[in-house]
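This report refers to the structure that appears directly beneath it.
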Amino acid sequence: MDNGKISGHQLMILTMLFTMGSSILVVPSGLAGTVQQDAWLPVVVGIVVTLALSWFYLYIGSLYPDRTLVEIIEKLFGRWVGAPITLLFIVVAFCVGSGSCLYYLGDFMTTQIMPETPIQYFHLLYILLLIQGTRLGLETLARSAEILFPFFLLLVIAFIIFVSPQIETDRLQPMLEAEFKPILQSTLSYVSFSGFPLIFMLMLTPACTDRGKRLQKKFLLGNLIGGLLILITTILCVLVLGVDATSRSMYPNYALARKINLFNFINRIEVIMAIIWFVSLFFKIVVYFYAGVLAMAQLLRIENYRVLTFPFGMMLYVLSLMVYPDSSFMRHWDSTIWVPLIATFGLVFPLLFVAVAIGKKFLTR
Amino acid sequence: MKRTFLLVLTMLLVVLMITGCWNRRELNELSIVGAIGIDKEPGADQYMFSVQVINQGVISSKGGGEGIGQASVTTFEMETSSMFEGMRRLTTVSPRKLYLAHMRMLILSEEVAKEGVGPILDLFSRDHEYRPDFYVIVTKDTKAGDVLKQFTQIEKVPANKLFSSLEMSEKHWAPTVAVRLDEVEASLVSLGKQPVLTGVMVRGDERAGESEKALQRLEPPAYVVYTGIGVFRGDKLVGWLNEEESKGYNYIADNVKSTVGPLACPQKGEVILEMIRSSSNVQAKFQNGKPQIQIKIKAEGNVGEVLCDVDLQDPKTIEKLERNGEQRIKQIIQRAVDKAQHQYRSDIFGFGEVIHREDAKYWKKIQGEWDEVFPHVPVVVDVDLQIRRTGTKVNSYLTEMRKAREKAKEQK
Amino acid sequence: MAAFTVLAAALAVAWIEVPSLRKRKRRKELWVFAFFLCVATGLNVLKALDVEIPNLFQPINAVYKPVSDLIEGMLK
Amino acid sequence: MRFRKSKEPQKHKHATDHRSQHEHEQVPVTQTQVTPGLQDRIEETAKLLGGSTDLGIRTFRLGPAGELLIGVLFLDGLVDQARVQDVQETLSLQAEKEGFAKQALKEQAVIEWAQNAITVGDVKRATDLQAAAQSLVSGETVILFDGCQELLSVTTSAPEHRAVSEPVTQTVIRGPQEAFTETLRVNTSLVRRKIKDPNLWMETKQIGKVTKTDVAIMYINGLVKESVLQELHARMDRIQIDGILESGYIEELIREQRYAVFPTVNNTERPDVVAAALLEGRVAVFIDGTPFVLLMPTVFIQFFQAAEDYYHLSDFGVLRLLRLTSFFLALLAPSLYIAITTFHQEMLPTSLLISLAAQREGIPFPAFAEALMMEITFELLREAGIRMPRAVGTAISIVGALVLGQAAVQAGLVSPAMVIIVSITAINSFVFPNYAISIATRVLRFPLMLLAATFGIFGIIVGMLALLFHLTSIRSFGVPYLTPFSPFVWGDQKDALVRWPREVRVGQKGGKAE
């Protein structure tokens, strides 16, 4: 593979962006809908669960270091049993993952910013960018993420500072009113956005120059930062917008950004703040896309995944327009079908991998 | 690499060429809307949708020139059954598409408010073009359209006048409350809080105020003023608080930034106090399972104007004035609470939410019948007023006058 | 019209990829590329011609609906 | 002294002689053998130069009795006449003094004698007339001896050259006020004078099949990265071109990315900048005939580091941030204006929106077309300003100011705000210490404007992301273009966005000099 190497720091940033990705746009709304002012609680629990999951995924990765998820599957199940499993993973990463995230972007743009522009042109433009990025390789992507990171943080911090004058602490009270089941449900929903998809990061981790504990540290740290940013924005949404407005907003974060008004001077800058979501969403899509394309290349045993980028990009165009017929379907699907679907790939299959790996070890002994 | 480069470039160009520009609006194709007014005749099933459009050329033409003779704003009216339809139907009148992101005020007429604002507000939060930073107000004894049509002095755009006047009066005078759309929505949804909106009315000769000749007169024939707060129950306007009660409301809602109020002197006459700071703390206490609302106000003020003979050098006087002031604020608040509890039976103060925060379990039980419970919840008000300074002078000349006279008498 | 645009795009993509692959004699990659390009072009043409393409989410729905209902039942 | 002007083709005239057969693939001239007769050989040499009229020929006899007949050839204008005179005089003086014995007139002995006798310049021996011709065009004087096959060439070159003067394109207020000239040797000596270290090494190559331009590669042994040097040599050897007239030829031929808009090779006309670069372990390439010296490897941030940053107090180094801001403004100002005024009007404060809208009242073009028009006009003016003779230049600027600033606005073709935007762009694009980077902003500005006109801010973001990917993917001699930032090198941050005070910098490991 001529994808180059990425440093631990870069992996951390990619993990962070991947964790935040689409979640930061959608999660607060759903959470406020189910557990009202306690929306922060599932995020906290979710972060812990996600960290545990990441540790677990890295453990799978460490079974065969230097191997990507696809190669691990092949090692464990052999070529013929492994292939269908890999195919399923590709379908989820490529069709469902990047397709749906791309739709989020289009939906966000067409509801909030430019409603008269047909959604497909946003997709097309982003896909071109996606293809450029993927063709230039993981190293380029990771380094770009590294460069963007300070700007990104700066924007996020500015965002937090700018909305904080409008905080009304009352809005978080009464605390811990929510019951157990809704909390569990919303934790699950959080993990399904930010936790389970991390399994696809296993396609990237072998390219990292760090190994073992260092890799683990960076990966978990990236995860944690991403999670914390989601936590902060969720809390801010509730504190500033209130539960009701948060849950009724399609994109509460954007509604939050619209509230920014500092000294009657720094205001109306939500479009600038939207850069946060453009960037994190882009990296989420590109990781999915890269994982899908690379997995396909490894499955078919071709040396250079780049030949696949254009055809896959074209397919993604159709898929992204097809996956969700409308935005209410999107919301419904995400809260119902998506959860068990991604849980299968983020939990059931990994458990199976570990079981098989242990079994194999046992047998060979 | 070369091929990719070329291809991406050409594709980009092709995409951009064929896409055209759907969302593009040139600046000179915009009609910037300053304010929207909504009226309804009693019993009619159509709304009257009025917009105030800013006449850009006139506003920004420096030193007159071509702008002379044109009004700085134009008002269009359209009958409609829904807001969105009205907005779009207005294109049959307006030469350009209305641009709403810079809207400052949404004015609802009293009739509309009495019938319920529910069917009106949704568009303004759903459409992406509206921003959440405009204020919602209700007219009193006049039509929203007429408010929009009044020429305003000094500030060329009436919508801006309304906007800044509301902000200023909230900051320095207190009996108005600047409510944004999302706050209205939040209290519409909330079980434990009812919405309020500031009232606006036209004083003077409305018709004369609609003529641009009004601008040329030293004394405007009519002007737009804010008066009191309109109380809602659900989405319907049920009544008004007068100026003092409105102030009381704002004390509870922690909206008082600065205000001015008279307080009785130890003897006769008044001292006018400038309130410089006030913070309120509303809590619910439970006694025998029954909720009780405790309102604690901490206020600081300066003596602003002395209209009586009082010795301000005496710390005891200040103390006395403080007690009087506390009494007065308490009275104002009590009156506001009384009116809300007994006359309008509408929990505009959000006591329900306070109880919810304090005891969520109890709230779950009663939230359904909160409207019936609310009038009977006892409210305890506790005011702590501190008078800090007395302005740039010590004693009033009134006091000195008396002292001088007394001295003269003694010398006699 | 839209369909032709798709075909033109596909041709352009082939123009980028194929010569270098042929020069480097990557037969396998060439085949894989051709296959996926055909699939992608096919999909795009169908989309351009407004043919109903079975949504991938339907089968996923079919599989996961019971599971999802189960979870929902448990959490309600 | 006369010789035939030969019109007949020279090819294969002396094909029978194989002694000095030598491959000359580049210039289509025949090989020449050396025939003993002096006159013939002089004519032969003249023929090789096509009988060019600037060839000066002198024949005279040496020795007390005029025993030895010699011919002196040189190209008029390329040589220093005084030095040629010197050569002649020393030879005749020596000959007068010593006289010639019979055996001293034997071939070997004469050449050796003459070589020792000449005290001027660098003396080379050759047997080939072809080489003699080559020596002549390089400004050397060729001395032929009657009866000898060998000949001598003496460096007597003194071509016309400009004196070292002030830099024209990269000026500073404080700092050395000297710039390179068109002469390679002068240029290298300027640097040598700054770095007096035997480790300052130099290699010379001749590039260009026809022009045979001297190209010198200079570096400090020990500081330079071997891989960069090797790569540079490999790339230079690969160059197949007839002529090198400016450093730009080489720059284009040795860079990694053919299609990168951003310069991956820096150029400068300032000796101090070259010296600083050498001390940083970079390689400098001097090309004869141009005052611009190439520096490599080059990274993005270097284009924002002015020489002056290091000459003023370190507080001055903060200006780099200003230049970076300028870079973005020069790149984005028109696109941001387009995006905000046609897509995101809500971002403008109400009063500004009203005034902008009023300005645009009656303007017939969409903002994008307006911006495009004005930007192109500006580029034209800039181009005209450079090309025009200085006297006409002022006229151009007056016309430009009137057309851009006044008439267009009054005629209602463009809005005043657009004029401001274009001016901002223009000012910002003149800020960079190095002209090369401003070309990138000029080229990229237009696609970004297009993106902004179709997708607003979103389009700009996508464009900037694409640009970022491009920037992170390009390299200069193996060094990633965005180096101190990605891959992130903590130590280099002290001289990246801001120049830190020297104590801090020297405290770094390795004590990197500047």
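All values below were derived from every heavy atom in this structure, side-chain atoms included, with hydrogens, water molecules and symmetry-related copies excluded. In what follows, chains are A, B, ... by sequence order, proteins preceding strands, each numbered from 1.
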Chain A contact via C/Leu21 - side chain, backbone, both or neither, heavy atoms under 4.5 Å: side chain
Engaged part of C/Lys65 at the chain A interface, taking heavy atoms whose separation is under 4.5 Å: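 Both parts, backbone and side chain.
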Test side chain to side chain contact (heavy atoms under 4.5 Å, CB included) applied to A/Tyr305 and A/Leu294, A/Leu300, A/Leu138, the passing residue: A/Leu294
Side chains of A/Met314 and C/Leu43 in contact at under 4.5 Å (non-hydrogen atoms): no
Any side-chain heavy-atom pair of A/Tyr288 and A/Pro197 under 4.5 Å: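 SC-SC contact between A/Tyr288 and A/Pro197 confirmed.
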Aromatic contact, A/Phe122 with A/Phe108 (centres under 6.0 Å): no
Side chain / backbone / both / neither for [X] at chain C, heavy atoms under 4.5 Å:
X	value
A/Trp333	side chain
A/Phe312	side chain
A/Leu188	side chain

Test item: side-chain donor near acceptor, A/Gln298 and A/Thr68, under 3.5 Å: yes
Charged N-O contact under 4.0 Å between C/Arg24 and A/Glu303: no
Spacing of A/Asp107 atom CG and A/Leu25 atom CG [to the nearest 0.5 Å]: 10.0 Å
Pick from A/Leu341, A/Thr336, A/Thr344 with the largest number of heavy-atom pairs that fall under 4.5 Å of chain C: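 Top option by heavy-atom pairs under 4.5 Å: A/Leu341.
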Top contributor to chain C contacts, counting heavy-atom pairs under 4.5 Å, from A/Leu308, A/Val323, A/Val339: A/Val323
Top contributor to chain A interface from C/Val6, C/Asn44, C/Leu46, C/Leu37 [non-hydrogen pairs under 4.5 Å]: C/Asn44
Interface residue of largest heavy-atom contact number with chain A, from C/Asp69, C/Val67, C/Asn61, under 4.5 Å: C/Asn61
